[in-house]
Amino acid sequence: MNKEFFEALMLLEKEKGIKMEYMLEKLETALAGAYKKQNGSEANVRLHVNPDKKEMKLYHVRTVVSEVTDPDTEISLADAKALSRRHKLGGVVETEVKTDKFSRLAAQAGRQQIIQIIREAERANQARAYEEKKGEVITAVVYKVDDTDGSLVLDTGNGRAVLPRAEQLSDDNFAVGDRLKVFISEVHGGENRGPLVTLSRTHPGLVRRLFELEVPEIQDGTVVIKNISRDAGSRTKMSVYSTDEDVDPVGACIGNRRMRLANVLAELGNEKIDIIRYDEDLATYVKAALSPATVLSVTVTEERNCQVKVAQDQLSLAIGREGQNAKLAAKLTGCKIDIKA
């Protein structure tokens, strides 16, 4: 039994990355609980493991005392001396639990505990793997579509995770087997139940990472994304600047024949993206942020409060449907914007 058991543990360590020491530690707790339950006592037990010899033994541990008050945890000096003359008061006596009894205990506790250990360790491993990718975009495959709430169960390569309908774009319509990109916005500890990771396709970070993957000038730091404001599924505004005066940051993000922008939009469906040149001058920045509207003038009245004037025929375009364009521009620039014709 021991040989097969150790071979199983080594296989689990190899295939699932669960350390044998971790599993044996958990198993010792389970065996102790099973021993106490079987004997109706609070006895102390110790698991001795020798992986090299593929040997595992269980010992009942008792303290040597002059007068025994709890036979489950204590042994008299006389009885201890009968086992070995070296025992002294205050010392510890370990008595091996007989093999047949230990085997029954292992059968009782081992299977359920090992299953639980595997689940807990896999969850912890997944949490660590996700933590390394927090704030990144990953490609996942749709494993299941929940028709009741519209959520997707995704195979992320580190296990399965749920993409709620609220974190999907309005035009998203995926089927089992489809591949999609998702943003890892939050990672939760692997020790508790509940979702390990929060996936999103509505987070502004998704747009940021997609451009970073697509634009080499962003990867090497020549072009920098200053800020992003997003109404997911509808419109995004992204401001950029260049650390090299010979490089046009907007043109770099759009790409030759708009190919870089097109590749990002392919992941975002019908969402529109306005790429804006960031400017240290607040009035110039706000003017650019209100595109595609043509702005006549911007006056900074107070700190980050701006009065904007546009032609009458540009007013609705500057404000946008349900105020979307003005809201996104305000969020992008961090300004309060008042638009008047």
Side-chain angles (χ1 to χ4, degrees), residues 135-147 149-154 156 161-185 198-215 218 223 225-240 249-277 288-294 313-333 337 339:
E136 300 293 336
V137 168
I138 61 171
T139 300
V141 178
V142 179
Y143 174 79
K144 181 182 177 182
V145 179
D146 191 328
D147 295 328
D149 61 9
S151 64
L152 302 176
V153 179
L154 304 180
T156 65
V162 176
L163 178 66
R165 182 64 225 181
E167 295 295 333
Q168 300 173 40
L169 304 180
S170 56
D171 291 335
D172 281 351
N173 184 23
F174 295 104
V176 173
D178 286 350
R179 300 175 70 85
L180 67 156
K181 284 186 168 58
V182 289
F183 181 76
I184 299 179
S185 56
T198 300
L199 303 178
S200 178
R201 283 177 53 78
T202 64
H203 197 284
L206 176 64
V207 177
R208 178 184 291 272
R209 292 305 185 202
L210 288 175
F211 272 103
E212 287 176 352
L213 291 170
E214 197 64 40
V215 182
I218 295 178
V223 173
I225 298 174
K226 178 66 177 178
N227 201 8
I228 294 176
S229 61
R230 189 180 185 202
D231 185 354
S234 179
R235 193 177 210 104
T236 288
K237 288 182 181 289
M238 181 176 78
S239 58
V240 294
V250 176
C253 293
I254 294 173
N256 186 30
R257 298 184 181 179
R258 302 179 66 84
M259 285 301 298
R260 292 175 179 176
L261 178 59
N263 290 338
V264 172
L265 291 175
E267 281 293 333
L268 303 177
N270 295 321
E271 188 167 329
K272 295 179 176 63
I273 298 180
D274 299 330
I275 304 175
I276 294 143
R277 185 187 290 268
L290 285 167
S291 66
T294 301
D313 62 354
Q314 293 290 303
L315 183 60
S316 60
L317 188 61
I319 295 173
R321 187 177 180 181
E322 297 180 353
Q324 182 192 65
N325 196 57
K327 289 176 184 176
L328 289 176
K331 188 174 181 180
L332 185 75
T333 59
I337 299 176
I339 306 174

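Basis for what follows: all heavy atoms, side chains included, without hydrogens, waters or symmetry-related copies.
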Partners passing side-chain hydrogen bond (donor to acceptor under 3.5 Å, both in side chains) against S151 (at least two apart in sequence or in another chain): D149
Partner residues of T156 under the side chain to side chain contact (heavy atoms under 4.5 Å, CB included) criterion, sequence neighbours left out: Y130, I138, A140, L154, N158, A161, L199
N/O donor-acceptor pair under 3.5 Å between T236 side chain and I273 backbone: no
By salt bridge (charged side-chain N to carboxylate O under 4.0 Å, His left out) - contacts of D172 (at least two apart): R201
Audit row: D146, V153, side chain to side chain contact (heavy atoms under 4.5 Å, CB included) steps and yes/no: CA-CA 8 Å; D146 191 328; V153 179; 6.0 Å; no
For L169 against A232, the heavy-atom pair lying closest together: CD2-CB, 3.9 Å
Separation of I228 CD1 from R208 CZ (nearest 0.5 Å): 4.5 Å
Would you tabulate the side-chain donor-acceptor contacts of residues 258-270 under 3.5 Å, counting partners in other chains and residues two or more places apart, or write 'none'?
{"from": "R260", "atom 1": "NH1", "to": "E217", "atom 2": "OE1", "distance (Å)": "2.9"}
{"from": "R260", "atom 1": "NH1", "to": "A252", "atom 2": "O", "distance (Å)": "2.8"}
{"from": "N263", "atom 1": "ND2", "to": "E214", "atom 2": "OE2", "distance (Å)": "2.7"}
{"from": "N263", "atom 1": "ND2", "to": "M259", "atom 2": "O", "distance (Å)": "3.3"}
{"from": "N270", "atom 1": "ND2", "to": "D171", "atom 2": "OD2", "distance (Å)": "3.1"}

Qualifying residues under side chain to side chain contact (heavy atoms under 4.5 Å, CB included), relative to N227, sequence neighbours excluded: S239, Y285, L332
Shortest non-hydrogen separation from S291 to D274 and the atoms involved: O-OD2, 3.6 Å
Residue pairs fulfilling side chain to side chain donor-acceptor pair (under 3.5 Å) with at least one residue in residues 174-183, sequence neighbours excluded: none
R209: partners by salt bridge (charged side-chain N to carboxylate O under 4.0 Å, His left out), with sequence neighbours left out: E136, E212
S185 versus H203, closest heavy-atom pair with distance: CB-CD2, 3.9 Å
A293: side chain to side chain contact (heavy atoms under 4.5 Å, CB included) partners, not counting sequence neighbours: Q314, L317, A318
P292 versus N325, closest heavy-atom pair with distance: CD-OD1, 4.1 Å
F211: partners by ring-ring contact (aromatic ring centres under 6.0 Å, His included), with sequence neighbours left out: none
Residue pair A329 / A289: nearest heavy atoms and the distance that separates them: CB-O, 3.6 Å
Which residues share a salt bridge (charged side-chain N to carboxylate O under 4.0 Å, His left out) with E271, sequence neighbours left out: R230
Pairing residues for V145 by the side chain to side chain contact (heavy atoms under 4.5 Å, CB included) criterion, not counting sequence neighbours: V142, D147, L152, V176
Heavy atoms of other groups near N173 CG, more than 12 under 6.0 Å: no
Pairs where residues 314-327 contributes a residue and the test salt bridge (charged side-chain N to carboxylate O under 4.0 Å, His left out) is met, not counting sequence neighbours: none
Identified side chain to side chain contact (heavy atoms under 4.5 Å, CB included) counterpart of V182 within the set L163, T198, L206: L163
Closest contact, heavy atoms only, Q324 versus S234: NE2-OG, 2.8 Å
Value rounded to 0.5 Å, distance of CD1 in I276 from SG in C253: 11.5 Å
Under 3.5 Å: donor-acceptor pair, side chain of K237, backbone of L290: no
